[in-house]
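Proteins get letters first, then strands, A, B, ... in listed order; numbering begins at 1 in each.
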Amino acid sequence: MLKEEWRLHQSLVGGFGSGLFPFMIFLLTALGAYITPYILGNIQLTTILLMLHIASVIYGIFVGGFGRIGEHVMTRRLGQVNMLLQLPQQYPISFKHVMGVFYIKDSLYYLVYSYIPLVMGVGLAAPSAGVSYRGVAVLGVTMFLAFMMGMGLSFALSALSLKSKRGTFILSLAIFSLIFLAHPLELIPVSYVLPPMGYWATRNIGYLLVTAAISAILAAAGVLFMKERFELRQRRYDEFFLSAETKLGFMGGLRTMVAKEWLELVRSGSLVPAITGFGGHLIAIYFISWLFQAGFGIPINFNVIFFSGFVGFMGVMTYSFLTNLEHNEYLNVQPVSVDMVVKAKLAVYLLLTSGVTVSYVILIGFLKGQMSMVPMGLVVSASTSLFVVAVTAYLTGLWTNTMFFGAKTILIFTAIVVPPLTVIEIASMMIEFRPEAATQVIYGGSLLLLIAAAVIFSRLEHRWRGVSFSYVSTGV
Amino acid sequence: MPVIDVININKSFGTVKVLKDINFQVEKGDFYGLFGPNGAGKTTLLRIITGQLEPDSGEALTSGVSHREPITVKRLVGIVPEAETPPTFLTARETLELTCRIRGIDELSRVDSWLEFFDITEKSDVLCRDLSKGQRQKVMLAAAFIHEPEILLVDEPFINLDPIYQRKVREYLKALVAGGRTVFMCTHILEIAEKLCNRIAVINDGRIVSSGSLDELRVGDEDLEDIFLRVVEQPAAA
């Protein structure tokens, strides 16, 4: 399975790109460790540790959601890909057994692929950051344990959700209650929810053993909850494609593919998660702004323009989500090219996010008493959103999630997207002090981004026309 | 002018050369069968002809249109791929409607005709992901036939079909060829191919090792299976 995972990554982003990913983690963490002393001046070590461990738990939660793919794997083809997970269909081996092995495989893979490079990166910068090698090693261990806890939790919940919706709800409620008791009620210590933090508070190794035990119990529960048989259901729907296409007449030549994309979004149960996910990312912007304020200790007045600039950046997640709904192999035999579907996805992205974006900018303007800045905020959010998503679509096509595992892709993306967004964000912070110059930079920058987005959009055909829909075919 | 003209096609996947100097022509009105052992390169060749895959060298022309113009080629032909992968979240009816829209067919009554032809009207509102393999194959066949193309390229079209529908599809393809259209078929089911194909080619280890009409290839009273076994078991020409 480890070989399969490695070859899958290689098939997606090439051997070089795949190998470069852990190297990038190594470099970024080394860089992070170098600048830590400067940030530490304003953020407490405990807060940094808490953030690192929460990030690890969330990483684990994302990785561990494979409990639900059981049904997917066992009831239909994964595009043109067959995986070892499908062994129980033909061989006398239980699905529980295979999923247990899959869990161990993923643990080892992410240990080698993410956490060892992370520890090595921090280790490289440890002397200059005033951190001991032992401390770095222990940090690697506690973060990996937090990752395992998140992965186990996600695995258990996703497996349980196929068996009992009520059980999943009760367990989720219990976990959220526990978190709520720790923060903001502060009735129990954080270490009750996140035991690795207990270790850092007391240096008691017992906390690490408890974390390992919780991870193992959650993983075992995931295996136990796993269903062995997946019944085929027949979902019936009234004809909706033609009426959707008619309603989307204003999309012109794109309406047929947009109607298909829209139906897939709705029927896969992804419409609400896509909208709430986008909204969730916008909430994350508040967290980032807090980090800046707390980190640098400067009382910066984050205004409407600042928050508007981040809207586009967060749109990458939503576009990526949209590209995961369907493998589209059917279209290989129709006179349709990848760029047409990419454009349809961009149209669906705009349909999904426009209302949320406008509401968000107006809300921020209202809350901050900066309604006069809302028009400029709308221009910034529209231009950054269109630019960033156009770049994403150009670089990753219909395979955003997997192609971003390629270090080359993510480096190019960063080099193209980060500088102009940084300029706009800095200008937004300067608006208080040099309003005229800042306004010119913001409007000028937005105009350039819109032009760049239009140019990139027009190049999508050239970039993706000759590519097969099976270019990256995981189906999961 | 041949309707399919394959000229010096070569294709490698990594270090493995899967097609070597492939040349052949399919004339209008041919029922052309391409046979070969597993992994011989049949599906790869079909994907190159239909513009789904770029060869390393050479060219495939379909009605004079190069494989380098895949959208135009796909407009001209109907394709039944090896794997039955209709859209996951569309119903059988919607899949055919989508196909009509993509291909610019206004006459949507064809959707009902093809659902009836394959006896899947009762399942027409079921998501394709929830259909059986055979039903999904029927949707793929209907989607390839619905625009009544002059040329059909079909890869194992009878797989997953019960004998009733194998026969029905066979008769339909025969009628198409009788009406002057062209069918290019990759299959392992030699009994069916023998009844249908007027010209065949056998591909082995990436090379066309034999081609012509059945009568030209036959030695004595050989049937297609005998011919196939004879030509793939003899050492390939260097």
Side-chain angles (χ1 to χ4, degrees), chain A residues 11 71-72 75-82 231-246 253 255-257 259-270 325-341 461 465-471 473 475, chain B residues 43 46-47 50-54 67-104 108 111 122-133 135-136 139-140 143-144 147 153-155:
Chain A
S11 73
E71 184 184 26
H72 191 91
T75 57
R76 57 185 177 271
R77 283 178 64 92
L78 304 176
Q80 290 195 356
V81 172
N82 291 301
E231 296 81 21
L232 278 170
R233 287 176 290 164
Q234 285 205 335
R235 275 150 286 200
R236 289 175 181 267
Y237 288 92
D238 288 338
E239 197 289 323
F240 188 61
F241 171 73
L242 292 177
S243 49
E245 196 201 28
T246 306
R255 66 185 186 282
T256 300
M257 297 316 294
K260 171 188 166 289
E261 293 296 322
W262 187 259
L263 250 69
E264 285 167 359
L265 181 70
V266 173
R267 290 187 180 160
S268 61
S270 305
L325 300 178
E326 169 69 312
H327 52 71
N328 279 315
E329 276 179 19
Y330 173 73
L331 298 177
N332 274 326
V333 295
Q334 299 299 333
V336 175
S337 54
V338 168
D339 61 287
M340 295 178 191
V341 180
E461 185 176 327
R465 177 134 292 191
V467 172
S468 159
F469 285 95
S470 313
Y471 180 58
S473 182
Chain B
T43 299
L46 189 141
R47 291 182 67 203
T50 54
Q52 299 177 56
L53 200 62
E54 184 67 23
H67 71 273
R68 296 187 188 95
E69 295 175 55
I71 302 288
T72 315
V73 171
K74 287 176 194 173
R75 267 200 204 108
L76 290 171
V77 304
I79 308 165
V80 179
E82 187 186 25
E84 71 307 327
T85 50
T88 310
F89 297 108
L90 263 59
T91 64
R93 173 180 291 283
E94 288 167 343
T95 300
L96 298 185
E97 288 170 349
L98 169 73
T99 310
C100 285
R101 284 296 191 225
I102 289 172
R103 292 187 174 277
L108 289 172
V111 171
E122 202 272 321
K123 299 281 182 187
S124 66
D125 58 351
V126 174
L127 288 188
C128 289
R129 68 185 262 178
D130 296 336
L131 294 172
S132 71
K133 273 186 166 226
Q135 289 162 343
R136 288 204 293 263
V139 173
M140 296 301 284
H147 61 295
L153 296 104
V154 292
D155 197 350

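Distance alone, capped at 3.5 Å, places no donor-acceptor pair between the R75(B) side chain and the P335(A) backbone. Between the side chain of D130(B) and the backbone N or O of R235(A) there is at least one donor-acceptor pair closer than 3.5 Å. Distance alone, capped at 3.5 Å, places no donor-acceptor pair between the Q334(A) side chain and the K74(B) backbone.
The shortest non-hydrogen separation linking L90(B) to R267(A) is CA-NH1, 3.9 Å. In plain terms, the two heavy atoms of Y330(A) and P86(B) that are nearest each other are CD1-CA, 3.8 Å.
For chain A, the option among T99(B), T91(B), L98(B), L53(B) with the highest count of heavy-atom pairs below 4.5 Å is L98(B). Chosen from V266(A), V467(A), V333(A), N328(A), the residue pairing most often with chain B at heavy-atom distances under 4.5 Å is V333(A).
Within the 4.5 angstrom heavy-atom criterion, no atom of T50(B) approaches chain A. For T72(B), no part sits under 4.5 Å from any heavy atom of chain A, backbone or side chain. For D238(A), the part lying near chain B is the backbone, with the side chain staying farther off; criterion is any non-hydrogen pair under 4.5 Å. Only the backbone of L325(A) has a heavy atom closer than 4.5 Å to any heavy atom of chain B. Contacts between L108(B) and chain A at a heavy-atom distance below 4.5 Å involve the side chain alone, from C-beta outward. Contact of E326(A) with chain B is made through the side chain alone, with heavy-atom distances under 4.5 Å.
For the atom pair CD (E245(A)) and CD (E94(B)), the distance works out to 11.5 Å, reported to the nearest 0.5 Å. Interatomic distance, OH of Y237(A) versus CG of L127(B), reported as 5.0 Å (0.5 Å rounding). Going from atom CZ of R47(B) over to atom OG of S470(A) covers 5.5 Å, rounded to the nearest 0.5 Å. Atom CD1 of residue I71(B) and atom OG of residue S337(A) lie 4.0 Å apart, to the nearest 0.5 angstrom. Distance check, rounded to the nearest 0.5 Å: CD of Q52(B) to CG of L331(A) gives 11.0 Å.
Side-chain contact between E239(A) and D125(B) is absent, with no heavy-atom pair separated by less than 4.5 Å. No side-chain heavy atom of F89(B) sits less than 4.5 Å from a side-chain heavy atom of L263(A).
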Show your reasoning for whether side chain to side chain contact (heavy atoms under 4.5 Å, CB included) applies to T85(B) and H327(A). CA-CA 9 Å; T85(B) 50; H327(A) 52 71; 4.0 Å; yes
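Using a 4.0 Å cut-off between charged side-chain N and carboxylate O, E122(B) and R236(A) make a salt bridge. A salt bridge between E97(B) and K260(A) is absent, with no side-chain N of the basic residue lying under 4.0 Å from a carboxylate O of the acidic one.
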